[in-house]
There are 2 protein chains.
Amino acid sequence: MEAKEILKNHVGKIIQLTDEQFDYFFSHFKIQSFKKGQAIISDGDTVDCEYFVVSGCLKSFFINDDLKMYILQFAMPTWWASDFNALYNHTKATINLDCITDAEVLCLSNGDREKLCKELHPVEHFFRWRTNRGYVATQKRLLSLMNNNVKYRYEELLKMYPELYNIVPKNLIAAYLGVSRETLSRLYAPEK
Amino acid sequence: MEAKEILKNHVGKIIQLTDEQFDYFFSHFKIQSFKKGQAIISDGDTVDCEYFVVSGCLKSFFINDDLKMYILQFAMPTWWASDFNALYNHTKATINLDCITDAEVLCLSNGDREKLCKELHPVEHFFRWRTNRGYVATQKRLLSLMNNNVKYRYEELLKMYPELYNIVPKNLIAAYLGVSRETLSRLYAPEK
DNA sequence: CTCCAAATGTGATGTAGGTCACGCCCCCAC
DNA sequence: GTGGGGGCGTGACCTACATCACATTTGGAG
């Protein structure tokens, strides 16, 4: 399916736009292709865009002073990713975004999003809906991190996103769960 | 200051409404007063409203099977609180909301919020802005929970919200940090 | 096919924070 | 005043997970 179709489908689940409106909306996106391992946003960058994933898989992550990586989000097709803090507040990136697999994305600048939200009321509604979902999901993850052990969190993650199991190496899963790769590896080790 | 003034000030920082528009907006809110310790939302309730804090301090929290409490949010004046997951998705509450101190709130129903968002484009913009802030703040907290130890998180919290130190007992601070009250208490114990 | 790097498994040991138990203080309701 | 419950400190011990070290497997580039 075409990138445009995928976006149209996705947006169409939440709001109705006429074909002309959607064409206008879509005209603000730029399609970009990236190779596995390629960086889209790096720590310290100026962040101008958010990215709608058409194909492939991205990760957004934070690297701490000890070079330990924590993954904020895996972004699969129809997910949106960026360093939203830097994007909204016009600060330098503290979050990295790169490609776990080859990927195609649709790129929308902060300015164009705000322009579109102003011009087309339904678009503003769409982005409110999108952020609501992210907000609620992040709150749930925060609670799960405090309340559940690694094994439970791992199984929840795989239940929610089974496709990750095949695409994403375990060390990255561990970095998402906030645990060392060794501990994750030992979860299903036979009793000694 | 009047509840209406406080809300007007808060909303006015983000969007411009005419006086008539704001009066109309405000007419959908109900003011409510609660006593210290009183519950606003309890686990299992149907959740109809979100709450804008005019005075006092609320907490939203989750209780797990072992009756351990995890605090999602302290809500001070001009903050919004609810079980947003239940509210948006029309499910039963899994999050509780109650009063740490006597409190006055402005209550807005889910239906009225959606109606206002539809009728007044700026209102939709306001709520998008509000959720964006919550989303970004929750992501930061998630990273901090994975990356920083208790002492650091405690000091960050007090730096960000110094007023909590005087209002909120330490066992609740611990429940926010995701740590036992004993550990929090030992943070500044003299070396043995 | 071959080789190297990335991914993964696993043992030994260290440590932050949890849990349980107990005691004190303070404040407010009666 | 006094009794009781909430808030808080602290000792003893426990546990989940981190860290370091090294071995083994695997898959993709040449």
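The analysis underlying the following values was restricted to heavy atoms, covering all of them including side chains, and did not include hydrogens, waters or symmetry mates.
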* Taking CG from B/N64 and C1' from C/dG18, how many angstroms apart are they, rounded to a whole number? -> 13 Å

* Whether B/H121 side chain and A/C117 backbone form a donor-acceptor pair below 3.5 Å -> yes

* **Nearest-Å distance for atom pair NZ/P, residues B/K170 and C/dC25** => 17 Å

* Asked: Taking the side chain from A/D83 and the backbone from A/V47, do they hold a donor-acceptor pair closer than 3.5 Å?
  -> no

* Would you mind reading off the distance between B/I173 atom CD1 and D/dG7 atom P, rounded to a whole angstrom? => 12 Å

* To do: Rounded off to whole Å, could you give me the OH-to-P distance for the B/Y188 and D/dC8 pair?
  => 15 Å

* CD-CD distance between B/E119 and B/E114, expressed to the nearest 0.5 angstrom -> 11.5 Å

* Structure fact -> Sequence neighbours excluded, the answer for side chain to side chain contact (heavy atoms under 4.5 Å, CB included) partners of A/S185 is none

* Asked: In whole angstrom, what separates B/N147's CG from C/dA16's C1'?
  -> 15 Å

* Short question: side chain of B/D45, backbone of B/S42 - any donor-acceptor pair under 3.5 Å? -> yes

* Any donor and acceptor pair, going by atom type alone, linking the side chain of A/R153 with main-chain N or O of A/R141 inside 3.5 Å? -> no

* Is there a donor-acceptor pair closer than 3.5 Å between any side-chain N or O of B/S109 and the backbone N or O of B/C49? -> no

* Would you mind checking if A/K170 and A/E182 are paired as a salt bridge, meaning a charged N to carboxylate O distance below 4.0 Å? => no

* **Sidechain N-carboxylate O distance under 4.0 Å for A/K8, A/E5** => no

* Structure fact -> From CG of B/L145 across to P of C/dA16 the rounded distance in Å is 17 Å

Identify each atom pair where a protein N or O and an N or O of nucleotides 16-22 of chain D are less than 3.5 Å apart, giving names and distance.
unit_1 : atom_1 : unit_2 : atom_2 : d
D/dC17 : OP1    : A/V150 : N      : 3.3
D/dA18 : OP1    : A/S180 : N      : 3.1
D/dA18 : OP2    : A/S180 : N      : 3.0
D/dA18 : OP2    : A/S180 : OG     : 2.9
D/dA18 : OP2    : A/T183 : OG1    : 2.6
D/dT19 : OP2    : A/K68  : NZ     : 3.4
D/dT19 : O4     : A/R186 : NH2    : 2.8
D/dC20 : N4     : A/E182 : OE2    : 3.2

* Asked: In whole angstrom, what separates A/K35's NZ from D/dG28's P?
  -> 14 Å

* Taking CG from B/N171 and P from D/dG9, how many angstroms apart are they, rounded to a whole number? -> 11 Å

* To do: Report the end-to-end axis angle of the helix from C/dC1-D/dG30 to C/dC30-D/dG1; each axis comes from five terminal pairs, and the value is rounded to 10°.
  => 50°

